[in-house]
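Report on one structure; see the data block that follows.
Per chain, numbering begins at 1; letters A, B, ... match sequence-line order.
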4 protein chains.
Amino acid sequence: MHDCPFAKRWSRRKAARPQEILEAALDLFAEKGYAATKMGDIAKRAGVTCGTPYRYFKSKEEIFASLIRELVLPKLALGESLLAEPDVGAAARLRTFLFTWWTQIGESRLSALPKLMVAEAKNFPEVAELYQKEFIQPGQALLKRVVEDGIARGEFRAVPVEHAVQTLMSPVVMLMIWQHSLVPCFDPDADPRSYLEAMLDLVLHGLMPRSAIA
Amino acid sequence: MHDCPFAKRWSRRKAARPQEILEAALDLFAEKGYAATKMGDIAKRAGVTCGTPYRYFKSKEEIFASLIRELVLPKLALGESLLAEPDVGAAARLRTFLFTWWTQIGESRLSALPKLMVAEAKNFPEVAELYQKEFIQPGQALLKRVVEDGIARGEFRAVPVEHAVQTLMSPVVMLMIWQHSLVPCFDPDADPRSYLEAMLDLVLHGLMPRSAIA
Amino acid sequence: MHDCPFAKRWSRRKAARPQEILEAALDLFAEKGYAATKMGDIAKRAGVTCGTPYRYFKSKEEIFASLIRELVLPKLALGESLLAEPDVGAAARLRTFLFTWWTQIGESRLSALPKLMVAEAKNFPEVAELYQKEFIQPGQALLKRVVEDGIARGEFRAVPVEHAVQTLMSPVVMLMIWQHSLVPCFDPDADPRSYLEAMLDLVLHGLMPRSAIA
Amino acid sequence: MHDCPFAKRWSRRKAARPQEILEAALDLFAEKGYAATKMGDIAKRAGVTCGTPYRYFKSKEEIFASLIRELVLPKLALGESLLAEPDVGAAARLRTFLFTWWTQIGESRLSALPKLMVAEAKNFPEVAELYQKEFIQPGQALLKRVVEDGIARGEFRAVPVEHAVQTLMSPVVMLMIWQHSLVPCFDPDADPRSYLEAMLDLVLHGLMPRSAIA
DNA sequence: TATGAATGAGATTTCATTCAT
DNA sequence: GATGAATGAAATCTCATTCAT
């Protein structure tokens, strides 16, 4: 009846446990949602019994919060370094930014985050605010700088920057979401990278001034 | 009770009940997620007590399924008619298509659907499949025809059609999702329509061949 | 495994339930203590299933608090009326006070309260404060008035009033506690009333001035 | 670890461990009750970690039982010697008995016992029986002898002895209980000894025959 | 038909106890 | 011996669902 006990006893005990539990939780939250994920599921996937997660986290809710704080925010440093690169032109920088975002996050287990945050933000407003302030806004600011820079140099048309940034982000975010959903709006067998390529080609083309095309 | 004069009030609503319950459920599922929404909440928002939904639906799960079948799919007819319009050029048709999508669905309570389906598709695979087959695929097919048409006429560049379709859809879908989330990646005070405008300007520009620009 | 389900279905549903649950809880708390009393025990004794108490009380803790507030405090009015009686002399009044206390509370299920409060006061400080302020202090004040009155009239010796009050209360309180304990310090077959008689005889004798004796 | 110079410290305490654990348990049981006291709390207060008590005691229940057997019963010898004293009159002997009881037990950590036993006797009937037989009954027998002696000599009135004994004990027991409760029925700042004095004055007075007063 | 008290399976969480280190 | 991570039984509490009224 209880699905708590497993046939295992006294496996290793280590400082790796919290990380393992968070990763198990992230996978399951992304798959089933927060509420539909049972603590026992998390424990089982982490290879422990049902009481063990509570040695490391006060509650299920704290697992959720820790997951954002400890798994996601550290990734932010990545984006920062993108702009420190040598000058390669705005279009190339945009390309690099979006592809790095995809390979570093979209192809890791963290790709689950957008789906998770979209679904649960209303239920965990403080965590959502953290995610927004520490992850989305800085990321958008970076992207904005690239676009503004491109406009200033005449590489891009003078489009409304805010809207362009969102238009650029949307496909990447949607791609991550669709990866974790049974409702893909793109061919699930297609290569996400080639989709990104095509998308980039389209919007970069849209950003270019006539002069650059002619 | 007995022959109280308010009895009429109840019978008047009787026919509307199932619809009211589904709408209440849609709102709440979108806000909190399926699992976190209590049957009692649905009942209360529909203006009935907790036993009443069971007169019309076998279970919570059936409410979810009915919601997709009876609230969403009927909307599909809308899109079909879009292409029956007189010939106005591919760009204008694209514009019309996306704006109609937005005003008819994005500005209605149905804008909750993408968030809901993304979050719950894995937990309700049959419903997700229905949604996918009856709503997304036909919609994409419509959009695809518009793009192909535009390419055939020389109005658009010869881009990969599938990817272009997805790139066109992403911002609209994301806009709907963000509307129902505390994690907006766009200025929540901004007018969604002006965002759509800017997005369309960008991608239409990206679709145009050099000749059209020069 | 779960001791929650009982073989009963759809018994009466009434406004009597909360009271029944509180009485069941009082009996069990007094018998086993708060922590050792399971919610299922309370439900079973109240003749309902394990989920029912939660329709009326938010938590086990609230049952405890309500029990004091709703079962005990109303009894206080009793004591108030004792002093309104016609003048019968201080000794007779003392006798009446202590005997009424015993018959009204000591011989009712409320006799469990001293044991319960002594055991749990530290774990529920706010409830303990309520009990202290609303029950004990007023009761002591009443008793104090009787003693002071007796001294003023020359019926009693001029003893320290506070201490006399406590000395008078102790046997009654201990009698209630012993009734609910396996550690009786008096013969459990003895009649509590005859113990009260003897005790009263002793202390009344102790209160009398020489003149009254000689 | 290895040959650290503090190793001595541990071995020095080794022999004292069981006693320290029992004392920690007594304090906590008295404060929170048996069930609400966690083994980890006991360990922590005893200055060890949560596994250590199990080296000395089979279970929490055994700690409770040992506590009574090893901490309390040895104190009983004290009372025995009280009556071996030279003849000083019944009243003085009563006074000595109660004051010694108070100073030896009431002012030690063992004052927690009445509260603890009252609260838990029903949950640990064998321990309660032990406590009753080995502690309370012998104590009452001692007190009874003093009272009977006093009556035989004409120092006390011919009161019912059993009831008098209980009346004499009640205030002392209550005083111990109130010391460990947030529900004191006496001024918590008052000196317990002066309360005992006053109480004794009252009941001794009540015990005296007319002749002794006049 | 509608109500809402009652049900009871199942989820989260606690903690006495074990045992590898 | 001592430690404290891990265990897992058992407790509290929730809520989808039922059904007497």
Side-chain angles (χ1 to χ4, degrees), chain A residues 1-6 8-15 17 35-43 47-61, chain B residues 1 7 10-11 13-14 17 35-43 48-61 63, chain C residues 1-6 8-15 17 35-43 47-61, chain D residues 1 7 10-11 13-14 17 35-43 48-61 63:
Chain A
M1 194 88 21
H2 281 278
D3 51 346
C4 177
F6 312 114
K8 176 180 323 189
R9 243 180 120 69
W10 298 112
S11 66
R12 89 208 117 116
R13 55 214 191 63
K14 210 56 221 125
R17 276 283 147 77
T37 297
K38 309 304 158 222
M39 284 298 279
D41 298 340
I42 296 175
V48 295
T49 51
C50 70
T52 302
Y54 291 93
R55 281 201 66 71
Y56 302 100
F57 304 97
K58 196 159 46 56
S59 65
K60 191 179 173 185
E61 189 163 342
Chain B
M1 18 185 127
W10 299 123
S11 55
R13 307 197 72 116
K14 219 170 31 175
R17 277 280 151 76
T37 296
K38 297 171 218 162
M39 285 297 280
D41 295 343
I42 296 175
V48 295
T49 54
C50 80
T52 304
Y54 289 91
R55 306 233 136 253
Y56 302 100
F57 304 97
K58 193 159 50 60
S59 66
K60 190 180 176 185
E61 190 164 343
I63 289 181
Chain C
M1 196 90 18
H2 281 279
D3 51 346
C4 177
F6 311 114
K8 174 178 328 186
R9 242 180 120 70
W10 298 112
S11 67
R12 90 209 118 114
R13 57 214 189 61
K14 211 51 223 132
R17 275 283 146 75
T37 297
K38 309 304 158 221
M39 284 298 280
D41 298 340
I42 296 175
V48 295
T49 52
C50 70
T52 301
Y54 291 94
R55 281 200 66 71
Y56 302 100
F57 305 97
K58 196 159 46 54
S59 64
K60 191 180 173 185
E61 188 163 343
Chain D
M1 22 185 125
W10 301 122
S11 54
R13 308 196 71 116
K14 221 170 28 176
R17 278 282 150 75
T37 297
K38 297 172 218 161
M39 285 296 280
D41 295 343
I42 297 174
V48 295
T49 53
C50 80
T52 303
Y54 289 90
R55 305 232 136 253
Y56 302 100
F57 304 97
K58 193 159 51 60
S59 66
K60 191 180 176 184
E61 190 163 343
I63 289 181

Within this structure, what is the NZ-OH distance for the pair B/Lys58 and B/Tyr54, rounded to the nearest 0.5 Å?
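Here the rounded value is 11.0 Å.
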B/Cys50 side, atom SG; B/Asp41 side, atom CG - distance, nearest 0.5 Å:
11.0 Å
Gap between atoms [atom1] and [atom2], on [X] and [N] respectively (whole Å):
X       : N      : atom1 : atom2 : value
C/Lys60 : F/dA11 : NZ    : P     : 10 Å
D/Asp41 : E/dA16 : CG    : C1'   : 12 Å
B/Ile63 : F/dA16 : CD1   : C1'   : 10 Å
A/Ile42 : E/dT12 : CD1   : C1'   : 11 Å

End-to-end axis angle, where each axis spans five pairs of the helix from E/dA2-F/dT21 to E/dT21-F/dA2, to 10°
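One end's axis against the other's: 0°.
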Would you say [N] has OP1 or OP2 under 4.0 Å from some side-chain N or O of [X]?
X       : N     : result
D/Arg17 : F/dA2 : yes
B/Thr52 : E/dA2 : no
A/Tyr56 : F/dA6 : yes
C/Tyr54 : E/dT7 : no

Among [options], which is the nearest nucleotide to the side chain of [X]?
X       : options               : answer
A/Arg55 : F/dA6, F/dT3, F/dT17  : F/dA6
A/Cys50 : E/dT17, E/dG4, F/dG8  : F/dG8
B/Lys38 : F/dA6, F/dC15, E/dT13 : F/dC15

Residue whose closest nucleotide on DNA chain F lies nearer the 5' end, C/Thr37 versus B/Met39
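Its nearest nucleotide being more 5', the pick is C/Thr37.
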Please identify each residue that fulfils side chain to side chain contact (heavy atoms under 4.5 Å, CB included) with [X], with sequence neighbours left out.
X       : result
D/Thr52 : D/Val48, D/Thr49, D/Tyr56
B/Ser59 : B/Glu61, B/Glu62
D/Ala36 : C/Asn123, D/Lys32

Contact nearer the 5' end of DNA chain E, comparing D/Lys58 with A/Glu61
A/Glu61
Keeping A/Lys38 on the side-chain end and A/Ala35 on the backbone end, is there a donor-acceptor pair under 3.5 Å?
yes
Minimum heavy-atom distance between D/Met39 and D/Pro53, given as atom pair plus value
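Minimum heavy-atom contact is CE-CB, 4.0 Å.
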